[in-house]
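Note sheet for the following structure.
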Amino acid sequence: MKSVCRAFSVALPVVLASFLSLACQPDQHWNGTVVEPVVSASEIAGTNWDGTPFRLSELGGKVVVLSFGYTFCPDVCPFTLFKMKQLLAALGDRAEDVAIVFVSVDPHRDTLEKMAAYVPGFDPRFFGVRLEHHELDLVKEDWEIIAQYGQPRDGPGSDSYYYVDHTGTYFVIDREGQLRLEFPPNAKAEDLEPDILALLAQ
Amino acid sequence: MEKMMTTFLGFSRVEVKKALQGCVLVLVLLLSAACESKAPSGTDAEASNPSGLIVQQARAHLLPGGQGALYFTVESGVADHLLRVETAAATAAEMHETVSENGVMRMVAHPDGFEVSTGEELVFEPGGKHVMLLGFEVVEGAESIALTLHFENIGAVEVDAELIFLAGSAPGSTSPSSVPPSTGGEHHHHGAPESGEGQVVEEEAAT
């Protein structure tokens with residue numbers, strides 16, 4: 001009995017101390033919106049701007065910042081890629097563990113050629129993914145992405161310019177392929193930076 | 001003696017005094033007009049005119065593929081309306097506004113332009129109002145492009161917009177469209193136009 005009591009009197013404080021230290025750990029402050037519950041990021045399967053097959057699940061354990069857009073977009077999408085450039089520059093050496101993925105929601109106009117002329121100009125490390133229409137449909141469903149095509153200026157069926165209303169959210173995926181954070185499209189590189197660093201450290 | 005003190009070249013003292021006052025007034029107006037057209041370098045970023053309308057921070061984002069977007073801010077002491085923007089560097093320049101609803105980005109066309117309210121800045125910036133450029137072509141090595149902003153009341157205002165290549169100046173980039181860093185552009189002046197139009201001044205833009 002005595003030995004049991006003694007064992008208990010040693011074990012209990014240890015257990016309590018561990019529990020308290022875990023419970024009292026300060027919560028990580030995130031700039032982005034935390035995705036709860038954490039979910040596995042759905043697959044995105046397409047072709048990268050360099051012609052190689054792209055699989056979101058095969059990015060080798062990098063932290064991923066994912067955005068959707070189209071090359072005809074004059075304002076938001078290019079500025080997004082510009083901010084991603086700034087983000088990688090701010091991350092310095094750590095940038096090699098981060099993948100920037102830009103997925104086109106406009107496969108009709110965004111041919112591989114167009115993606116190759118557009119994406120690497122910002123940074124050749126960026127992934128610029130072209131999806132076939134059926135692949136895009138899957139992604140829209142899995143990711144709950146909106147992509148609505150406007151009326152072409154010169155009438156239906158023409159290739160003249162049209163806009164694509166699209167989800168502008170930045171999705172941040174951790175090294176285990178879990179969707180962890182979302183940022184609004186007006187988020188700055190400096191907003192993302194500490195969150196990315198925190199995910200890299202995990 | 002008395003006669004000499006009250007007249008000068010046949011004009012009375014009162015008349016001479018008024019004439020002198022008139023001359024001073026004209027001189028002051030001329031000087032202030034001259035000063036306005038020679039804006040000191042501290043206000044390089046501004047295109048301004050007597051109604052106090054200022055266009056600042058004019059910049060053009062150029063993308064691969066002939067697209068671009070113009071941004072600037074307009075402030076005016078007198079209410080006005082920005083009707084349209086033109087540039088010889090693009091085949092089309094149209095005003096739009098990006099709006100965000102529940103995370104979805106939409107582009108809304110504004111063919112009728114935008115109001116400029118007194119004392120309030122009309123801001124064109126990424127993620128908001130912008131001038132979409134199509135068929136954008138610039139001379140190699142150019143550091144700026146000339147814009148003309150057409151306002152309802154004060155007329156045409158010319159501004160130089162700094163060229164920014166969003167792609168092609170990143171570290172590690174291999175794009176051939178890289179532009180050497182700006183060494184500070186030239187500062188051009190135009191003479192004042194006929195009355196009824198705003199003063200036309202070509203200015204370099206700040207980033």
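Letters go in sequence order (proteins before strands), and every chain restarts at 1. Side chains are part of it too, since the values below use all heavy atoms of this structure and drop only hydrogens, waters and symmetry mates.
For the atom pair CE of B:Met105 and CG of A:Asp75, the computed distance is 7.5 Å after rounding to the nearest 0.5 Å. Atoms CD and CG, from B:Glu101 and A:Asp165 in turn, are 9.0 Å apart once rounded to the nearest 0.5 Å. A distance of 9.5 Å separates CG in B:Asn102 from OG1 in A:Thr169, rounded to the nearest 0.5 Å.
No part of A:Cys77 comes within reach of chain B, as not one of its non-hydrogen atoms sits under 4.5 angstrom from that chain. Proximity to chain B (any heavy atom under 4.5 Å) is shown, for A:Val119, by neither the backbone nor the side chain. Residue A:Pro184 does not touch chain B at all, counting heavy-atom pairs closer than 4.5 Å. For a residue to count as touching a neighbouring chain, one of its non-hydrogen atoms must lie under 4.5 Å from one of that chain's; by this rule B:Leu134 touches chain A with the side chain only. The contact between A:Thr71 and chain B is made entirely by backbone atoms, counting heavy-atom distances below 4.5 Å. Contacts of B:Glu97 with chain A are absent, with no heavy-atom separation under 4.5 Å from either backbone or side chain.
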Report task. Tell me, with the steps shown, if A:Phe72 and B:Met132 meet side chain to side chain contact (heavy atoms under 4.5 Å, CB included). Result -> CA-CA 10 Å; A:Phe72 191 75; B:Met132 177 174 178; 3.3 Å; yes
Query raised in the report: Between B:His96 and A:Tyr163, does a side chain to side chain contact (heavy atoms under 4.5 Å, CB included) hold up when you go through it step by step?
Result: CA-CA 11 Å; B:His96 293 276; A:Tyr163 309 130; 2.3 Å; yes
Requested in this report: Please test A:Phe82 against B:Leu63 for side chain to side chain contact (heavy atoms under 4.5 Å, CB included), starting from the C-alpha separation and ending with a verdict.
Outcome: CA-CA 11 Å; A:Phe82 182 70; B:Leu63 312 170; over 6 Å; no
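B:Gln67 contributes no side-chain N or O that, together with a main-chain N or O of A:Pro74, makes up a donor-acceptor pair within less than 3.5 Å.
For chain A, the option among B:Gly68, B:Gly127, B:Pro126 with the highest count of heavy-atom pairs below 4.5 Å is B:Pro126. Contact tally against chain A (heavy-atom pairs below 4.5 Å) for B:Ala69, B:Ser100, B:Gly103: the top residue is B:Gly103.
With contacts defined as side-chain heavy-atom distances shorter than 4.5 Å, the pair B:Met107/A:Tyr162 does not qualify.
Between A:Phe79 and B:Leu166 the shortest heavy-atom distance is N-CD1, 4.1 Å.
Annotation: A:Glu43, atom CD; neighbour count of heavy atoms from other residues, nucleotides and ligands within 6.0 Å is above 12.
Listed by first and then second residue, the ring-ring contact (aromatic ring centres under 6.0 Å, His included) pairs involving residues 164-202 of chain A are A:Tyr70-A:His166, A:Trp143-A:Phe171 (not counting sequence neighbours).
Annotation: residues 187-202 of chain A contacts chain B through no residue [non-hydrogen atoms, separation under 4.5 Å].
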